Undergrad: 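The structure is given below, and queries will be raised subsequently.
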Amino acid sequence: MSLFPDLPDTARRRRVSVLLPLPFPGTLDYALADTQDLRPGDIVSVPLSGRKETGVVWEHDGTLPPELDPQRNAEPQPDIPDNRLRAVSAKLDIPPLPEALRRFIDWVAAYTLASPGMVLALCLRAHLRGAEARPLSGWTPADPLPEALRLTPARQAILTALQDAPPLTTAALAKRSGSSPAVIRGLAEARAILPVTIGADLPFGCPEPGHNPPSLAGQQAEVAQNLRTAVTENRFSVTLLEGVTGSGKTEVCLEAIAACLEAGKQALILLPEIALSAQWTERFARRFGTRPAIWHSELGPKIRALTWTACMNGTARVIVGARSALFLPLNAPGLIIVDEEHETAFKQEDGVMYNARDMAVVRARQAGIPIVLVSATPGLETLTNARSGRYRHLSLTSRHGGASLPRTRMIDLRENPPPRGCFLSPALTDALADTFAKKEQAMLFLNRRGYAPLTLCRTCGHRFECPDCTSWLVEHRARRILACHHCEHTEPVPDRCPSCSAEHTLTPVGPGIERITEEARTLFPEARILVMASDIQTTPAAMTEAIRSISDRETDLIIGTQIVAKGWHFPHLTLVGVVDADLGLGGADLRAGERTIQLLHQVAGRAGRAEAAGTVMFQSFSPEHPVMQALISGDFQAFMEQESRQRQPGFWPPFGRLAALIVSSSREEDADNAARTLGMAAPQGEGIQVLGPAPAPLALLRGRHRRRLLLRTRRHIAVQPVLRHWLSTVSLPSSVRVDIDVDPVSFM
Ligand code: ADP
Ligand code: ZN
């Protein structure tokens, strides 16, 4: 019998739901002290198994579409009795997480089937840091310097660096002077340098929409006007901006941004690769007189914090960033632009598997603002939406200023083979020689880092493989190692074969860009060669420097991986050679053709972007392949129509929906059993089909054995409830992990 039978409801301890940035299925309940007043979004510190965690007060308000609502099918959680409920420790003195972001986090979690805590984690770390934003402080030299100051060379270097320069932060000063922060602290203690606030010096300014407007005519003017209208309408719309490379897509996007600035709103620009922000920044500064705010994971903590605060309070008017910028708080969003929307880099493949392009559309819809998807080679999903009228479709069909599209030429490697042991055909090397003779620039493209993708022993046939992955080891000759491109495993190149002990028998098979560089150096010893790859220019600054050396014609030949295919504008580049056009076509990937044509079309688009006409040469063993044919004819549209017709009957995306289940375990047997269990419990029904289980192409990755299942449904059936129900019917050992990939891009 209860002691207080008539206790009214209000006397129950008050509860609050808190979302923690951890992989729990949902929120946790905590108790509130009588004096505490908490609202959704508040940042709180709560106890969790003996430690303190920072979380966000969350509400469930049912704004999710029913098919995505994880609450709908979920078993009601047993309420923890009030007396066992732990109390919220404290409310932190940090601005709350805005409602718009909370709704977005819920949506992304429900769509990707990730735990909402892990989606929260994507934005919370920046949020906490951002809230700590303090004005930047820097150093300035004391004048006069204290008497009896001991001047070591390191100290002198610091004082020299500060001479006639604006105040520098500790980090900037250390970099400029080559002295360590400890030496800087020493000088500060000796009062030879003094702290000053440089907080007003944000790395971006207030863009002026009328600073340097372009003169637009014809199609460009029309498209720009359409985009401006979409912005001033100030409601949700999706526009596909399709235009050949060099047609002025960036130029008209800047007009949409101008309209957004005029309306007093903020614009968010998502790029597939943060390296591209350098060129965007420059274009932007010319148009608006100042730099945009830049957001990516490698920003220093201070700049990151300042930028975050500026997004939140509206000081940052235009933000250019990689996919994580999608989770920034915005004060008054007015426009989202996704540049190179077809890029697979928008898909995050680990942790929360989300496609930033698709989630950007969701964010625009929730915010009630326009979004523009930009590409020369839009993805089939986007094209299909444009064709059905769900998206507006704007096109720019010719290059600006009379620059012509490059001539394309297929080199049949069966008829025009390279010399033995080489990879560049005579036709291509002749063209390179001509280009250098005319003092023009050339580029060789090969989407493979390192020297050779396979090393084998000539005597016994031993192949070097990664011990933890289904993958050959790639030789990196300059670093004298064999490296796995799927994990961190590296090993030195041995002197003798580990299998048969023969000496000097190891042979590289096939080319990577290092090997192509070696070949080019031998052929053209005079040419100034720049190698570009993600493991060479590892920072945006290094990338900016590489781009500058190309623009300033300090480079004759660029040799690079897919990084060179991005939206770069190289006015003096007239020849592009694709070393292995067939490279992306192997494998059973649904999108191999589409992906290859997008990539190669993009690479080709680097050539002849100014007055001088450009040429693109594709080396291929199968010039009759539809992808090669489309590259030669330049008829991208016809190719995509054919792709579309091929996918329709089987209800492959975009005509149906896909979700992949990747079952993995460090024990092969466990992975197999779990995959079989899932296979036997596979959902059935009209318009629902499960393929697999089958070993993943990367059957072993980082020591985990992987099996795949693929759920395919008709368009009108959402995969999320089907997946949720499916997973709830099986119980798997804890050694097994199931990763869910909704709308998979990679099939590895
Ligand atoms: P895309 O983004 O389609 O590749 P860009 O916007 O980069 O094309 O334009 C290609 C080049 O032409 C750039 O150097 C750009 O400055 C120039 N350009 C395009 N349109 C104009 C214009 N209306 N006035 C002046 N320059 C232009
Ligand atoms: Zn590996």
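Counting convention: from 1, in listed order, for ligands and their atoms alike. Scope of the values below: all heavy atoms of this structure, side chains included, with no hydrogens, waters or symmetry mates. Just so you know, these numbers come straight off a predicted model, no measurement behind them.
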Undergrad: Among all protein heavy atoms, pick out the one at the shortest distance from atom 14 (O) of ligand 1; state its residue, atom name and that distance to 0.1 Å.
TA: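 Nearest protein contact, heavy atoms only, for atom 14 (O) of ligand 1 is His569 NE2, 3.1 Å.
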Undergrad: In this structure, is the centre-to-centre distance between the rings of Tyr391 and His393 below 6.0 Å?
TA: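 His393 vs Tyr391: aromatic centres not under 6.0 Å.
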Undergrad: Taking the side chain as every heavy atom from C-beta outward, state whether Pro508 and Arg477 have any pair of such atoms under 4.5 Å apart.
TA: yes
Undergrad: Test of understanding: given a 4.0 Å heavy-atom threshold, classify the contact between Pro571 and ligand 1 as side chain, backbone, both, or neither.
TA: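 Contact part for Pro571 vs ligand 1: neither.
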Undergrad: Where the Zn ion (ligand 2) is the centre, what is the SG-to-SG angle for Cys487 and Cys469, rounded to 10°?
TA: 110°
Undergrad: What do you reckon, does Gly246 have a nitrogen or oxygen under 3.5 Å from a nitrogen or oxygen of ligand 1?
TA: yes
Undergrad: Looking only at protein heavy atoms, which one is nearest to atom 20 (N) of ligand 1, and how far off is it?
TA: Gln220 NE2, 2.9 Å
Undergrad: I need the Arg553 CZ to Arg528 CZ distance, nearest 0.5 Å.
TA: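 Between Arg553 CZ and Arg528 CZ, I get 9.5 Å after rounding to 0.5 Å.
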Undergrad: Return yes or no for this condition: an N or O of Arg286 is under 3.5 Å from an N or O of ligand 1.
TA: no
Undergrad: Just by distance, do the side chain of Trp568 and the backbone of Ile563 share a donor-acceptor pair under 3.5 Å?
TA: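 A pair under 3.5 Å: yes.
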Undergrad: Is the shortest side-chain heavy-atom distance between Glu255 and Leu227 below 4.5 Å?
TA: no
Undergrad: Would you please say whether a donor-acceptor pair under 3.5 Å links the side chains of Arg407 and Thr615?
TA: yes
Undergrad: Judged by non-hydrogen atoms, does Gly243 sit under 4.0 Å from ligand 1?
TA: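 Under 4.0 Å: no for Gly243.
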Undergrad: Going by heavy atoms, is Arg399 under 4.0 Å from ligand 1?
TA: no
Undergrad: Ring-plane angle category for His462 and Phe464, please: parallel below 30°, perpendicular beyond 60°, tilted otherwise.
TA: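 Perpendicular, since the angle between the ring planes exceeds 60°.
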Undergrad: Under 3.5 Å, is there a donor-acceptor pair between the side chain of Glu594 and the main chain of Glu643?
TA: no
Undergrad: Taking 2.8 Å as the cut-off, does an N/O/S atom of His485 lie below it from the Zn ion (ligand 2)?
TA: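 It does not: His485 brings no N, O or S atom closer than 2.8 Å to the Zn ion (ligand 2).
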Undergrad: Provide, to 0.1 Å, the distance between atom 16 (O) of ligand 1 and the closest protein heavy atom, together with that atom's residue and name.
TA: Glu251 OE1, 3.3 Å
Undergrad: How does Ser247 reach ligand 1, if at all, at less than 4.0 Å between non-hydrogen atoms: by side chain, backbone, both, or neither?
TA: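 It is both backbone and side chain that touch ligand 1.
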Undergrad: Can you confirm whether Glu669 is buried at CD, in the sense that more than 12 heavy atoms of other residues, nucleotides or ligands lie under 6.0 Å from that atom?
TA: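 No, not enclosed.
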Undergrad: For atom 2 (O) of ligand 1, what's the nearest protein heavy atom and its distance?
TA: Thr250 OG1, 2.6 Å
Undergrad: Hey, which atoms in ligand 1 end up nearer than 4.0 Å to a heavy atom of Val244?
TA: 3 (O)
Undergrad: Hey, would you say the His485 and His476 ring centroids sit under 6.0 Å apart?
TA: yes
Undergrad: At a 4.0 Å threshold, what atoms of ligand 1 neighbour a non-hydrogen atom of Gly248?
TA: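 So the answer, numbered in order with elements, is 1 (P), 3 (O), 5 (P), 6 (O), 8 (O), 9 (O), 19 (C).
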Undergrad: Just distances here: any N/O of Thr245 and N/O of ligand 1 closer than 3.5 Å?
TA: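 No, there is no polar N/O contact under 3.5 Å.
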Undergrad: Judged by non-hydrogen atoms, does Leu396 sit under 4.0 Å from ligand 1?
TA: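 No, that is not the case, since the closest heavy atom of the residue is not under 4.0 Å from the ligand.
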Undergrad: Have a look at ligand 1 and work out which part of Lys249, if any, has a heavy atom under 4.0 Å from it: side chain, backbone, both or neither.
TA: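 Answer for Lys249: both.
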Undergrad: Ignoring hydrogens and angles, tell me if any N or O in the side chain of Arg706 forms a donor-acceptor pair with the backbone of Ile662 under 3.5 Å.
TA: no
Undergrad: Out of Glu340, His400, Arg283, indicate the one that has the non-hydrogen atom closest to atom 6 (O) of ligand 1.
TA: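 Answer by nearest heavy atom: Arg283.
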Undergrad: Checking the N or O distance criterion of under 3.5 Å, is ligand 1 in contact with Leu216?
TA: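 It does not: no N or O of Leu216 is found under 3.5 Å from an N or O of ligand 1.
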Undergrad: Walk me through it: do Ser398 and Ser247 pass the test side chain to side chain contact (heavy atoms under 4.5 Å, CB included)?
TA: CA-CA 6 Å; Ser398 61; Ser247 58; over 6 Å; no
